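In what follows, chains carry the letters A, B, and so on, assigned in the order in which the sequence lines appear, proteins first and then strands, with residues in each chain numbered from 1. As the structure is a prediction and not an experimental result, all values here were calculated from the model.
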Amino acid sequence: MLLSRDYFKNTNTVMLAEDLLGKYLVRDLGNGQLMKSMIIETEAYHGETDQACHARFGKTDRNQVMYREGGVWYVYLCYGIHWLLNIVTGERDFPSAILIRGIADASGPGRVTKKLGIDKSFYGLAATLESGLWVEDHGYCSNGKIDITPRIGIDYAGECAKKPWRFVLKDDLIKIKNGKN
DNA sequence: TACTCGATCGGA
DNA sequence: CCGATCGAGTAA
């Protein structure tokens, strides 16, 4: 079933990031083709006090969508090359989001968007059928098979770099094919 | 305006 | 290890 707007309005971004593991990212290519991939890696970014969060310097043109009510996509360009996909969480005016770092057939945040054909055009769109990109719960239960680690690539974030806000599903049944496309 | 560095990745 | 390549922050 489709994850509702209310699901993403939850203010506990860290808990939501863990809960998203095992859910399905669904991309409607518009020609009757649906791509469905299990989410296997996420990271939480929570508020202006989180020194790793893009909102740590306040609202900017790039991050303004993080201040909206949860349930919309935050897509941004990283290192001038890769589009990174986040789902905004929580209440209006509190900036928080979850980075989708990996799906079952594409490990790495840049590969997720490349695989599903996601770019800046999804910025600010709601995670609904109409937008062509949404999240479904297929009833998968992780049953504690989850690695919890600090977030990747944020060494500049001081004490916040130590927060255990990265979640990885480790399930022997999941085959990760590192397709280079 | 001129730097510097970043929620990355693929190739040498 | 290094380069690609662009937007945000900082200093001036």
Side-chain angles (χ1 to χ4, degrees), chain A residues 8 10-23 25 27 35 37-68 70-90 93-125 127 133 135 146-170 174-181:
Chain A
F8 293 109
N10 194 305
T11 58
N12 191 334
T13 313
V14 177
M15 189 210 74
L16 266 191
E18 180 168 2
D19 194 69
L20 271 181
L21 294 181
K23 303 294 190 292
L25 190 58
R27 173 83 170 95
M35 300 178 75
S37 299
M38 183 184 283
I39 296 169
I40 61 168
E41 184 177 349
T42 60
E43 282 178 3
Y45 290 87
H46 187 74
E48 294 180 347
T49 58
D50 174 6
Q51 290 302 299
C53 181
H54 282 174
R56 65 190 179 281
F57 299 120
K59 190 185 283 189
T60 66
D61 284 346
R62 179 175 70 159
N63 69 25
Q64 53 90 7
V65 75
M66 296 182 82
Y67 289 76
R68 290 202 215 159
V72 295
W73 298 112
Y74 170 37
V75 181
Y76 73 93
L77 191 60
C78 185
Y79 293 104
I81 299 181
H82 307 286
W83 295 107
L84 268 59
L85 177 67
N86 301 247
I87 184 75
V88 173
T89 61
D93 293 329
F94 186 92
S96 54
I98 296 164
L99 171 65
I100 314 272
R101 279 192 66 86
I103 54 179
D105 46 6
S107 181
R111 289 177 177 171
V112 169
T113 54
K114 184 177 181 184
K115 183 88 180 177
L116 298 182
I118 295 164
D119 60 17
K120 189 69 183 283
S121 66
F122 286 86
Y123 185 92
L125 296 187
L133 184 64
V135 186
I146 294 173
D147 276 341
I148 303 178
T149 81
R151 294 167 290 180
I152 302 297
I154 53 151
D155 292 345
Y156 59 85
E159 285 298 307
C160 289
K162 300 174 183 172
K163 291 180 185 293
W165 286 1
R166 172 174 175 252
F167 302 92
V168 185
L169 195 57
K170 53 169 188 178
I174 298 172
K175 307 292 187 205
I176 301 174
K177 291 174 286 184
N178 281 329
K180 295 192 176 182
N181 287 31

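- Side chain of A:Ile81, nearest nucleotide from B:dG10, C:dC6, C:dA4: C:dA4.
- Distance, A:Lys120 NZ to C:dC6 P: 13 Å, rounded to whole Å.
- In this structure, A:Asn63 reaches neither bases nor backbone, as no heavy-atom distance under 4.0 Å exists between it and the strands shown.
- Nucleic acid contact for A:Ile152: sugar-phosphate only, since backbone atoms but no base atoms lie under 4.0 Å from a heavy atom of the residue.
- Taking atom P on both nucleotides, C:dT10 is separated from B:dA7 by 14 Å, rounded to a whole Å.
- Remark: A:His54 is in phosphate contact with B:dA7, judged by side-chain N or O atoms under 4.0 Å from OP1 or OP2.
- In summary, the side chains of A:Asp119 and A:Ser121 do present a donor paired with an acceptor at a separation below 3.5 Å, with no hydrogens or angles considered.
- The side chain of A:Arg62 lies closest to C:dA8, out of C:dA8, B:dC9, B:dA7.
- Between the CZ atom of A:Phe57 and the P atom of B:dG6 there is a distance of 11 Å, rounded to whole Å.
- By the 4.0 Å N-to-carboxylate-O rule, A:Arg151 lies too far from A:Glu43 to be salt-bridged with it.
- Panel note: side chain A:Tyr123, backbone A:Arg62; a donor-acceptor pair is recorded below 3.5 Å.
- Within 6.0 Å of CG in A:Asp93 there are more than 12 heavy atoms belonging to other residues, nucleotides or ligands.
- Distance, A:Tyr76 OH to C:dG7 P: 14 Å, rounded to whole Å.
- Side-chain atoms of A:Asn63 never come within 3.5 Å of backbone atoms of A:Met66 as a donor-acceptor pair (strictly under, hydrogens ignored).
- Following rounding to the nearest Å, A:Arg151 (CZ) and B:dG6 (C1') show an atom-to-atom distance of 14 Å.
- The side chain of A:Thr60 approaches C:dG9 more closely than any other nucleotide in the set C:dG9, B:dG10, B:dA7.
- The side chain of A:Pro109 approaches B:dC9 more closely than any other nucleotide in the set B:dA7, C:dT10, B:dC9.
- The side chain of A:Arg101 contributes an N or O atom lying less than 4.0 Å from OP1 or OP2 of B:dT8.
- Across all strands shown, nothing is found opposite C:dT5 as a Watson-Crick or G-U wobble partner with both distances under 3.5 Å.
- Here B:dT8 presents its P atom at 10 Å from CD of A:Glu41, a figure rounded to the nearest Å.
- Distance check on atom P: B:dC5 versus C:dA12 gives 15 Å, rounded to whole Å.
- Within 4.0 Å of A:Tyr79, counting heavy atoms only, lies at least one base atom of the nucleic acid.
- Taking atom CG on A:Asp155 and atom P on B:dT8, their separation rounds to 10 Å, with Å as the unit.
- Distance A:Lys163 NZ to B:dA7 P: 16 Å, rounded to the nearest Å.
- Contact between the side-chain N/O atoms of A:Arg56 and the OP1/OP2 oxygens of C:dA8 is not found at any separation under 4.0 Å.
- In this structure, A:Asn86 atom CG and B:dT8 atom C1' are separated by 14 Å, rounded to whole Å.
- For A:His54 and A:Tyr76, the distance between ring centers is under 6.0 angstrom.
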